[in-house]
Q: 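Here's a structure for you.
Start at 1 and go down the list; that is how both ligands and their atoms are numbered. Throughout, residue positions are numbered sequentially from 1 according to the sequence presented.
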Amino acid sequence: MRCPSCGSDNCHIIEESETTQKGYGVCSGVCGYLLLGPIGFLCGLCGMGEGKTKRRSFWICPHCGRKFRV
Ligand SMILES: [Zn+2]
């Protein structure tokens with residue numbers, strides 16, 4: 001991979017992960033309770049803190065610091 005900025009072909013690939021934290025949803029717990037009883041409520045609790053993780057890969061050029069998408 002060649003850097004589009006400076007033409008160096010010494011680029012490295014890096015992976016960035018971005019996590020969107022989601023707190024315990026009272027709604028999901030209550031909805032789960034209504035639908036499934038205590039088990040559903042526990043399922044709502046289990047979902048606590050489980051965020052969505054997005055992973056993106058970039059090439060990074062050590063020469064000029066340019067970062068670009070794969
Ligand atoms: Zn570069």
Q: Can you find a pair of side-chain heavy atoms, one from W59 and one from V70, that are under 4.5 Å apart?
A: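 Heavy-atom side-chain distance check passes, below 4.5 Å.
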
Q: Using a 3.5 Å distance criterion without hydrogens, assess whether the side chain of R2 forms a donor-acceptor pair with backbone atoms of S8.
A: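 No; judged by distance alone, with no hydrogens or angles, the pair does not exist.
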
Q: Decide yes or no for R66 and P4: does some side-chain heavy atom of the first lie under 4.5 Å from some side-chain heavy atom of the second?
A: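 They are in side-chain contact.
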
Q: Can you tell if the side chain of M1 reaches within under 4.5 Å of the side chain of F68, non-hydrogen atoms only?
A: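 A side-chain contact exists here, since the closest heavy-atom pair is under 4.5 Å.
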
Q: With rounding to the nearest 0.5 angstrom, report the CG to SG distance, N10 to C61.
A: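 Reported to 0.5 Å precision, the distance equals 7.5 Å.
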
Q: I need the protein N, O or S atoms closer than 2.8 Å to the Zn ion (ligand 1), given as residue plus atom name.
A: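 Only C3 SG, C6 SG, C61 SG, C64 SG fall inside 2.8 Å of the Zn ion (ligand 1).
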
Q: Within the 4.5 Å heavy-atom criterion, are H63 and C3 side-chain neighbours or not?
A: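 When only atoms from C-beta onward are counted, C3 and H63 do not touch, as no gap falls below 4.5 Å.
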
